[in-house]
Amino acid sequence: MASNYSDKVMEHFRNPRNVGEMENPDGIGKVGNPTCGDIMEMYIKVKDNVIVDAKFKTFGCGAAIATSSMITEMVKGKTIEEALKVTNKMVVEALDGLPPVKVHCSVLGEDAMKSAIDDYLKKKTGKGLPGWQPHNEEHEHGH
Ligand code: FES
């Protein structure tokens with residue numbers, strides 16, 4: 001059977017970047033995917049407003065692993081403001097696409113990253129990301 005996944009997705013799934021926990025992270029994000037119940041944790045290290053390291057851990061599917069691997073690679077070296085502009089759509093594009101039923105999995109990575117930045121800002125300034133809420137809180141009862 002032919003795979004529905006692009007070579008890049010398969011490559012990041014088989015060989016994910018930045019998996020694991022981080023010691024003394026500056027921000028921790030934890031989110032759940034309302035569609036499937038999978039969960040994701042993301043950790044960032046920030047220096048002079050730049051994300052110098054990012055890691056993730058997930059109980060999620062292959063698409064969640066591949067997209068989180070990609071988003072951690074994409075935000076490294078970016079300022080907080082630049083990292084906030086990285087959307088799940090950009091991640092999916094960088095992976096040469098995902099099957100439509102798996103696009104929700106990429107939202108998990110974006111939410112976890114935003115949640116980690118929110119946590120970082122809260123610790124640093126006492127205020128989180130203005131108006132930000134993970135998707136799971138918005139559609140708590142959705143499936
Ligand atoms: Fe749950 Fe993909 S099926 S994150």
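Just so you know, ligand 1 is whichever comes first in the structure, and atom 1 is the first atom listed for that ligand. The first residue of the sequence shown is numbered 1, and numbering continues consecutively from there. Being a predicted model, the structure only gives us computed values, none of them experimental.
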K.L.:
Whether the Lys102 and Asn4 side chains hold a donor-acceptor pair (N or O, under 3.5 Å, no angle test) is what I'd like checked.
P.N.:
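Checked: Lys102/Asn4 side chains show no N/O donor-acceptor pair below 3.5 Å.
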K.L.:
Is any NZ, NE, NH1 or NH2 atom of the basic residue among Lys57 and Glu21 found under 4.0 Å from an Asp or Glu carboxylate oxygen of the other?
P.N.:
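Answer for the salt bridge query: yes.
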K.L.:
So which of Met113, Met74, Lys114 actually passes side-chain contact (heavy atoms from CB on, under 4.5 Å) with Val86?
P.N.:
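The passing option is Met74.
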K.L.:
Taking 2.8 Å as the limit, list every protein N, O or S atom around atom 1 (Fe) of ligand 1, by chain and residue number.
P.N.:
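The answer, once waters are left aside, is Cys36 SG, Asp38 OD2.
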K.L.:
Would you mind listing which atoms of ligand 1 come within a distance below 4.0 Å of any non-hydrogen atom of Lys102?
P.N.:
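Going through ligand 1 atom by atom, the ones under 4.0 Å from Lys102 are 2 (Fe), 3 (S).
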K.L.:
Flag the pair Glu11 and Arg14 as a salt bridge only when some basic side-chain nitrogen lies within less than 4.0 angstrom of an acidic carboxylate oxygen.
P.N.:
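Not counted as a salt bridge, because no side-chain N and carboxylate O are separated by less than 4.0 Å.
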K.L.:
Among Ser6, Ser69, Ser68, which residue meets the side-chain hydrogen bond (donor to acceptor under 3.5 Å, both in side chains) test with His12?
P.N.:
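It is Ser69, the one option of Ser6, Ser69, Ser68 that forms the side-chain hydrogen bond (donor to acceptor under 3.5 Å, both in side chains) with His12.
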K.L.:
Where do Phe56 and Ile65 come nearest, in terms of heavy atoms and distance?
P.N.:
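Looking at all heavy atoms of both residues, the shortest contact is CZ-O, 3.6 Å.
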